[in-house]
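Quick caveat: nothing in here was measured; it's all calculated off a predicted structure.
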Protein chains: 2
Amino acid sequence: MDADKIFKALGDPTRRKLLDLLYARNGQTLGELCDHLDMARQSVTQHIGLLEAANLVSTVWRGREKLHFINPVPLHEVYERWVRKFERQRLSLLHDLKKELEGE
Amino acid sequence: MDADKIFKALGDPTRRKLLDLLYARNGQTLGELCDHLDMARQSVTQHIGLLEAANLVSTVWRGREKLHFINPVPLHEVYERWVRKFERQRLSLLHDLKKELEGE
DNA sequence: TTGACATGCAGGCATTTACCTGCATATAAT
DNA sequence: ATTATATGCAGGTAAATGCCTGCATGTCAA
């Protein structure tokens, strides 16, 4: 997994909205996705390009139409590497802070 | 939670390394963190500023030293909103793709 | 076969980002 | 008191980013 591409792809509201749009209905065409976004088609294409590069979206051509599908695998990998790892610290944080404030 | 700040904060290798450094030993000072990074102190300060803005790192002053602590809460919120939501689609993706390739 | 439709490609511009250097401030140590 | 240490603040630059417009290509439909 390429954490850099994944997080950068997710670090933009338009691209997160694209994921939500595909979550609502998977397999939409570029044009359909554009209908929900207030920007030029080419800008949407660029955003989708980053989502594809991060492997968050896969596409299939059907005639002249390009269909878009969510790929949730990278999200899960992000979870394994960047969320789960840090979860065990959740409860200890306050404790650490207090210790430090008391001069340890 | 501010997804934008969180993902943008995570979308940089230096900042992810900072989180890993703090995971290895929580409560490090700025100087200690700088020792592991090959860039000017001020650059590290800026990176930490973004991590703080995303609430991924909390700091405490002890005299002239600034101590840094991971806050894993935003990561968990990211998981709830951006990973868990999409997990149920994991198995259905291939099915969707095949359906589309067959002309639905 | 001609026109309409869905998309790609190339390039241009303004903003943001990631880095730097130089100087200032506050705390600790001698 | 004076010096050393830890950090902040201000500003400058090059590269990356996000948006656009104009034109090209390939597919469907009349």
### Query
Side chain of B:Arg64, base of D:dT5: donor and acceptor closer than 3.5 Å?
yes

Quick one: [X] [atom1] to [N] [atom2], roughly how many Å, whole number?
X: B:Leu37; N: C:dC19; atom1: CG; atom2: C1'; result: 13 Å
X: B:Glu32; N: D:dT5; atom1: CD; atom2: P; result: 16 Å
X: A:Arg62; N: C:dT7; atom1: CZ; atom2: P; result: 11 Å
X: A:Lys5; N: D:dA16; atom1: NZ; atom2: C1'; result: 15 Å
X: B:Asp38; N: C:dA18; atom1: CG; atom2: P; result: 17 Å
X: B:Met39; N: D:dA15; atom1: CE; atom2: P; result: 16 Å
X: B:Ile48; N: C:dA18; atom1: CD1; atom2: P; result: 14 Å
X: A:Asp4; N: D:dA16; atom1: CG; atom2: C1'; result: 12 Å

### Query
Counting only heavy atoms not in B:Lys66, do more than 12 fall under 6.0 Å of its NZ?
yes

### Message
Tell me if the CG atom of A:Asp38 is crowded by more than 12 foreign heavy atoms within 6.0 Å.
### Response
no

For residues [X] and [Y], determine if any side-chain heavy atom of one lies less than 4.5 Å from a side-chain heavy atom of the other.
X: B:Asn71; Y: B:Val57; result: no
X: B:Arg41; Y: B:Leu30; result: yes
X: B:Trp82; Y: A:Val78; result: no

### Message
Between A:Ser43 and D:dG18, is there a contact of a side-chain N or O with OP1 or OP2 at under 4.0 Å?
### Response
no

### Query
OP1 or OP2 of C:dA18 less than 4.0 angstrom from a side-chain nitrogen or oxygen of B:Arg15, does that happen here?
yes

### Query
5'-most contact on DNA chain C: A:Thr29 or B:Thr14, nearest heavy atom basis?
A:Thr29

### Query
Starting at the 5' end of DNA chain D and moving along, which residue's nearest nucleotide shows up first, A:Lys8 or A:Val44?
A:Lys8

### Query
When all nucleic acid strands are considered with a 4.0 Å heavy-atom cut-off, which category describes A:Leu50: base, sugar-phosphate, or nothing?
sugar-phosphate

### Task
Nearest 0.5 Å please: distance from the CG atom of B:Leu75 over to the CG atom of B:Leu19.
7.0 Å

### Message
Tell me whether the rings of B:Phe86 and A:Tyr23 are parallel (<30°), tilted (30 to 60°) or perpendicular (>60°).
### Response
perpendicular

Under 3.5 Å between N/O atoms: give me all the protein pairs with nucleotides 8-13 of chain D, atom names plus distance.
residue, atom, partner, partner atom, Å
D:dG8, OP1, B:Lys66, NZ, 3.1
D:dG8, N7, B:Arg41, NH1, 3.0
D:dG8, O6, B:Arg41, NH2, 3.0
D:dC9, N4, B:Gln42, OE1, 2.9

### Query
Nearest to the side chain of A:Glu65, which nucleotide is it out of C:dT21, C:dT7, C:dA18?
C:dT7

